[in-house]
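Quick notes on the structure that follows.
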Amino acid sequence: MLIRHRLDIAPSEITPRGVWQRRRELVRSAVAAGLLGAAGVSPAQNPAAPKLPGKPSPLSTMEPPTPYNLVTTYCNFYEFGTEKEDPARHAPKRLKTRPWRVVVDGEVKQPRTFDIDDLLKLAPMEERVYRLRCVEAWSAVVPWVGYPLAELIRRVEPTGSAKYVEFTTLADPQQMPGLRSRVLDWPYVEGLRLDEAMHPLTLLAFGLYGEVLPAQNGAPLRLVVPWKYGFKSAKSLVRIRFTEKQPLNSWQKSAPHEYGFYSNVNPNVDHPRGSQATERRLGEDGLFSRRRPTLIFNGYGDQVAALYAGMDLKRFY
Ligand code: MTE
């Protein structure tokens, strides 16, 4: 993506590991004790939006969610333009989310085409508050509503040859004015290794803030992979294909020296156009606002580091 920020490092901002581990334990016990209540931490923000509640998840971060108006207006969805406000300006008026089908095929025993309304009922909805870190060096905390992608994957039964999953998103020039620009080779494609796609943190999201996903955030369904840079979280999915070979994602295709396949959040590997060591949290702008240190795997290392045991993360960036 078009990176505009250069960064400086503020190591003093590092939250000691023990502190965030304790916070996470607190959330887990609060959820277990029912203290967070069935409605979760995030009331709906747009009275007109259809609601989509989810059961609070113990995998949520305790950090305060980024204000709803920022999450829904500062967006990357290049199919609707490359400026941050373009998706919120164009997508709600143009993107039609019904009828909507998602083809699930490739190396699976049970290939299927799902109607979005059947996908919504496939598994219980959870509210997962996740940090999302963009390669442009900003981050947000978002209460997503969805269920683990693994719920869907299990139902189509990947074959022994399935090693990767390729995600393709809608590319309709009638609805998406951004497709006129050659900034990417459309449609937008992303990929994960099968074990990454099956990981319990990998979410198929249908909502945020207790509401059905706003168009600009990837309605009617998107991926959320919290330990990877934001671009892996593909929006408005239309196809999920299981493959033997590693898929080529859109960003790798457009700039192979800048974007790799894995794209795990890693403060130790710079992007060619800027350091990834720190980040700006949306909503914390201002002359004196401090940058936060970026954490390896976006702070989800204790859940996901084992996926990459023995791999050289500088080579497989
Ligand atoms: N999905 C599609 N189809 N098109 C895009 O341009 N941008 C990606 C990702 N998914 C993008 C996409 C990038 S760069 C980021 S940072 C996240 O969406 C942003 O999600 P948000 O706008 O909901 O914060």
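Values reported hereafter were calculated over all heavy atoms of this structure, with side chains retained and with hydrogens, waters and symmetry mates removed. All figures in this text were calculated on a predicted structure; none of them were measured in a lab. All ligand and atom numbering here is 1-based and tracks the order in the structure.
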message = Tell me whether Asn76 has any N or O atom under 3.5 angstrom from an N or O of ligand 1.
response =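 Yes, since at least one N or O of Asn76 sits under 3.5 Å from an N or O of ligand 1.
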inquiry  = Does any N or O of ligand 1 fall below 3.5 Å from an N or O anywhere on Trp138, backbone included?
reply    =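 It does not: no N or O of Trp138 is found under 3.5 Å from an N or O of ligand 1.
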ring-ring contact (aromatic ring centres under 6.0 Å, His included) between Tyr188 and Phe167, worked out = CA-CA 8 Å; Tyr188 194 98; Phe167 302 88; over 10 Å; no
query = Any idea which atoms of ligand 1 are less than 4.0 Å away from a heavy-atom of Thr169?
reply =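 Those of ligand 1 that fall under 4.0 Å from Thr169 are 3 (N).
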Contacting atoms of ligand 1, where contact means under 4.0 angstrom from a heavy atom of Ser233 =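 That gives atoms 9 (C), 10 (N), 18 (O) of ligand 1.
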ask   = Heavy-atom distance under 4.5 Å between the side chains of Tyr300 and Val225, does that happen here?
value = no
message = I'd like to know if Gly218 contacts ligand 1, where contact means a heavy-atom distance under 4.0 Å to any ligand atom.
response = no
request  = State if Arg222 counts as touching ligand 1 under the rule of any non-hydrogen atom under 4.0 Å.
outcome  =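 It does; at least one heavy atom falls under 4.0 Å.
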key: Polar side-chain atom of Ser161 near backbone of Glu244 as donor-acceptor pair, under 3.5 Å   = no
message = For Tyr259 together with Trp251, are the ring centres under 6.0 Å from each other?
response =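 When the ring centroids of Trp251 and Tyr259 are compared, they turn out to be within the sub-6.0 Å range.
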request  = Anything under 30° is parallel, anything over 60° is perpendicular, the rest tilted; go ahead and classify Phe261 against Tyr164.
outcome  = perpendicular
ask   = Would you call the rings of Phe231 and Tyr229 parallel, tilted or perpendicular, where under 30° means parallel and over 60° means perpendicular?
value =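 Rings of Phe231 and Tyr229: parallel, under 30°.
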ask   = Where's the contact between Glu136 and ligand 1, heavy-atom distance under 4.0 Å: side chain, backbone, both or neither?
value = neither
key: Nearest-contact summary for atom 1 (N) of ligand 1 - protein heavy atom, Å   = Lys235 N, 3.1 Å
request  = For atom 8 (C) of ligand 1, state which one of Tyr229, Tyr188, Tyr74, Trp186 supplies the nearest heavy atom.
outcome  = Tyr188
